[in-house]
Each structure stands twice: as C-alpha cells, then as structure tokens.
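In what follows, a structure is listed as structure tokens, so that the remarks can point back to it.
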Amino acid sequence: MGSRDYISSLPDEILGKILSLFCTNRAACTSVLSKRWRNLLELVDNLDLNDAYGNHQYFCDFVDRTLALLSNSTTVKRFSLNCAFHNDASRVNSWIRTVFERGFLDLHLETAHMHRIDTEFFTSNTLLELTICGGFYAEGRLPPGRVFFPALKSLSLVSVEFTDTLMYQNFISGCPVLEELFLHYDNETQCPAWKGLVSSPSIKRLNIYDNPSELRYEAYKRCFQTPSLVYLDYSSYVAKQYAVDLVSLEEARLNIRYPERLVDQNEDIFGDVTDLLKGISNVKTLHLSSDSLEVFHLCCDTMPVFHNLLTLSFESDEEIGWQVVPLLLNKSPNLETLVIKSLVHQVTDMCGNACACISKRRKKKKKTTEDDECCLSTCQVKVLNISGYRGTCKELKQMRHFLENLKCLETVNVGVDVKRREYKNGNNKYQRITNAVMELPRFSSNCQIQFF
C-alpha cells in the first residue's frame, strides 16, 4: 500500500459511518476531534459512548465537546451511553437532556453504578426506542396521566428501579403508543421495579424475564391487562393468582418455574395457572419449557381447549415427566405441528399413552374404558419435529410410538445429536441412528422422514 492513505480517499458518507463505529478510547477521541476529522462529525448517525477505556474525566470532557460540535447536526439519531465509572450526575443528566432536546430517535443508557435520572426533563416528543440498564433509576415524581414519550414504540428496562409500583405504572402509561416492552430483572441485590403488573392498551409484544431470589420471591398475583398483545415471552416463578386480558394473543413462550425450596420442604402446592391458561387459550403457537410442563401438571385445575392452536413446542428434561402432555394434546383438536426438544424425560406412571416409557403390561393394568384410545391417534398433527435425538433404545421406542399412532403425519424432521468425532467411527454412528429410524413402521403411508 506504500504511503497512500486509502481511508482519507473514501467518500465523506463512508467516513461518517466509520466514525459512528469508533470506540471511545483515547486514540479514537483524538482522531474524532482532530482537525482532519472534525468536519465529518456532522455525518455521524450513531453515538456509542463508553468510558471503560482511559481516564473517565477525559471521557466526560470528550462527551461535552462532541455534543457541542454536533449542536447543528441533523443526522445523529441514536445515542448510547455506558458508564463504567461513577460520573458527575449533573453532567450525565445534561447529556440526556441534550439528546431529548435535539430530537434523537433511539437512546440507550447503561451504568455499573447507581445513577439517578431527574424526571423533570425525562420526556421527548421524538424518541422511538428507549433502553435503560443497570443502576439508572428515576428520582422525583411522575404525575399520573402525563405523557412522557408520545412517540415511543419500544421500551426496555433491565434491572431498573423506581420509587414504587405506582411510579412504574405512571411511566408505562406515559407512553400511549408503546408497542414493545422488555422487562428483565435478574439482580437479587436490587429492589425490582416490576411487581407483576403490565397494563397498556397498545403493547403488542411483551418480553418478561423475572428471576428473583427464591427467599425474596412473593409472586402472589400477576396481572397482564394487554388487550392488543400478540406475542408474549414470559419467564418467572409460578404465581398464586393470574388476572389477564390477552384476547389478541397469537404466540406465547412460557418458562414458568416452581420454587425448589417448596419442593424440598414438601409444602402444599403453591400457585395456580388455571386463569393464565384460559387467558392464552386463543394462541396459534405455544412454546413451553420443561419447567412449564411440571407447573401445568401441579398447578392447573382445569385445562382449557386450545381451539386455534396449530403449533405446540415443548422441551424435555430427564428429571421432569410428561404427565401433562396427553391432556395438552387432547385439548388441541386442530394441532398441525408438534415440536419436541429432546425425547428424554423422567419415567412416570402418569405420562399416559403419549409416551412409550411404561411397558404395555403396566399400562394395561392402569387402563380404563375412558382412556382406551391413544391420545396420539386422535391428533391431526401433520408435522413432527424432534431435536436432540441420540438414538438410544428409549428414544427409538418413543419414535416408534409416534409413527405408529400419529395417523395424519406427512413430515417428520429429526435432528440427530452426534458428536463430530463419532462421525469418523468405522461403524458410522450417525448412519446407524438414521437407518434405525427409517426402518420403523409408519401408520401414515404419506409420511416422509428427514434428518438435520
């Protein structure tokens, strides 16, 4: 390349994109503020500022100078601030105020230390996406009924504290056109802002990850008043009561866990998901963790009918049984696709005829006239997806059970889990596993088996 400067010969628009990707260490700051590059700052559309490198006082000066140089810029749309050090609160608040005043569209705030946000100026008419992480917390009062972000579409709160539940709800209510809400609480040292309530007429996508300490867990009630919600991803411990309005819900992904300390102490069953299942009974797609299967078995009085359910997906765990699977299949009359992540599960005498893990002789003793017909034979499932298949005797037996009883099967997709070194064996384990499956009898003559 010699001494030729290829970067300097690039078009200004490309150089602006390069500046947007610079990390804010000392070398980058020097480059950005040098005379050669300064005029190109107005082409930057993304400011991603992180004080993890170098002197944080120098970082503060750099942010002040950069925002001053961009005072007339109309291209910057995103501002990301990550504070690894404890910076002066007034300066940080002034940066946030500047972002709001200049009409940015996307704001990301993250800090490793507790840092208060002054609610007096925490408002923007243009902001579309807002993410607050870590030690940032709101201080002051949020008047009920006030609109803080009239254009905000997406809000993410990660371990963010509010003074109380009312302040949290006033904040959510102050975003009247909010469509996506992400709540993540996994810090046991902080008091969570979320107390189990989500109420919004506009939210369409809701993602909640709530993982408090079992010792501090007090989930007496969970309330989802979200009539426009179409997608729910919810992970938490089981609650004692649920009050939900999910009339528009189309897809749900549930990871509901039962507190281990209650199991260890042999206490009475805690929690009731009956109303939650009624509330999601209109979904077309349902994804369940293995823990959710256990909670449904322990904490559901009456399983609703899932008339619209087309795709059911669930995970298996060697320590959790399939007791609730027959009931789920019987309550899903229009099910077309069944997805199972691993066939390995705990052997119980309550898995019913969805499972082949209990010998026919033992099943015969338990059989009654009420459950003579296998729940699989009444299923309308056309597509069966199995992942994590290792070809053990138990798994092969379960595959036979599916193929012999699912009468409408058209496609079976099997994900074979074989380690790379096993491909090189002289016996070719992968080939032996796939051959064994292909030789199994099938009720449906139209059934095609594929491997991935």
Side-chain angles (χ1 to χ4, degrees), residues 20 22-26 28-30 32-33 38 41-42 44 46-74 76-143 146-152 155-164 167-168 170-171 174-175 187 189-191 193:
S20 296
F22 266 152
C23 179
T24 55
N25 57 19
R26 181 180 292 273
C29 295
T30 302
V32 170
L33 297 179
R38 188 171 299 179
L41 267 179
E42 293 189 2
V44 170
N46 173 30
L47 285 178
D48 193 345
L49 308 175
N50 189 325
D51 69 352
Y53 305 94
N55 185 298
H56 76 282
Q57 180 59 46
Y58 182 88
F59 170 81
C60 291
D61 294 340
F62 163 72
V63 176
D64 287 340
R65 295 174 64 189
T66 301
L67 289 176
L69 288 169
L70 291 171
S71 58
N72 297 320
S73 173
T74 58
V76 181
K77 302 302 181 184
R78 182 179 187 274
F79 183 85
S80 177
L81 178 65
N82 191 332
C83 298
F85 295 92
H86 185 74
N87 295 302
D88 180 65
S90 61
R91 294 182 81 171
V92 175
N93 279 325
S94 70
W95 301 336
I96 298 174
R97 185 184 294 110
T98 298
V99 168
F100 289 154
E101 291 174 350
R102 295 184 184 175
F104 285 21
L105 303 181
D106 186 354
L107 174 62
H108 180 105
L109 300 174
E110 185 171 355
T111 180
H113 301 272
M114 298 304 295
H115 182 90
R116 67 175 180 82
I117 297 175
D118 190 349
T119 57
E120 283 190 26
F121 66 85
F122 206 63
T123 180
S124 168
N125 292 326
T126 60
L127 201 66
L128 299 179
E129 295 185 29
L130 173 61
T131 301
I132 309 177
C133 305
F136 279 104
Y137 65 96
E139 185 175 82
R141 297 190 62 83
L142 295 176
R146 178 182 173 186
V147 175
F148 305 101
F149 299 101
L152 195 69
L155 173 63
S156 298
L157 302 176
V158 181
S159 299
V160 177
E161 292 188 35
F162 288 89
T163 304
D164 51 37
M167 187 179 190
Y168 154 79
N170 288 339
F171 182 69
C175 308
N187 191 337
T189 63
Q190 293 180 340
C191 297

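The first residue of the sequence shown is numbered 1, and numbering continues consecutively from there.
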For the residue pair [X] and [Y], what are the closest heavy atoms and their distance?
X: Asp118; Y: Asn93; answer: N-OD1, 3.7 Å
X: Arg91; Y: Asp61; answer: NH2-OD1, 3.1 Å
X: Ala151; Y: Leu128; answer: O-CD2, 3.3 Å
X: Pro150; Y: Ser124; answer: CD-O, 3.2 Å
X: Leu152; Y: Glu129; answer: CD1-N, 3.6 Å
X: Val160; Y: Ile132; answer: CG2-O, 3.1 Å

- Message: Working note: Arg78 + His108, criterion side-chain contact (heavy atoms from CB on, under 4.5 Å); need CA distance, chi angles, decisive distance, verdict.
- Response: CA-CA 8 Å; Arg78 182 179 187 274; His108 180 105; 4.0 Å; yes
[X] side, atom [atom1]; [Y] side, atom [atom2] - distance, nearest 0.5 Å:
X: Ser80; Y: Leu109; atom1: OG; atom2: CG; value: 8.0 Å
X: Asn82; Y: Cys133; atom1: CG; atom2: SG; value: 8.5 Å
X: Leu81; Y: Asn50; atom1: CG; atom2: CG; value: 8.5 Å
X: Ser71; Y: Glu101; atom1: OG; atom2: CD; value: 12.0 Å
X: Phe100; Y: Leu107; atom1: CZ; atom2: CG; value: 5.0 Å
X: Phe122; Y: Arg97; atom1: CZ; atom2: CZ; value: 12.0 Å

Do [X] and [Y] touch side chain to side chain, with heavy atoms closer than 4.5 Å?
X: Phe104; Y: Val76; value: yes
X: Thr119; Y: Met167; value: yes
X: Thr111; Y: Val92; value: no
X: Leu47; Y: Leu70; value: yes

- Item | Option among Phe148, Phe79, Phe149 that satisfies the side-chain contact (heavy atoms from CB on, under 4.5 Å) test with Leu127 | Phe149
- For the side chain of Thr126 and the backbone of Leu105, is there at least one donor-acceptor N/O pair under 3.5 Å apart? no
- Task: Indicate the ring-plane relationship of Phe59 and Trp95, choosing parallel, tilted or perpendicular according to the 30° and 60° boundaries.
- Result: perpendicular
- Message: Please evaluate residues Phe162 and Asn170 with respect to the criterion side-chain contact (heavy atoms from CB on, under 4.5 Å), reporting the C-alpha separation (whole Å), side-chain torsions for both, the decisive distance (0.1 Å), and the verdict.
- Response: CA-CA 11 Å; Phe162 288 89; Asn170 288 339; over 6 Å; no
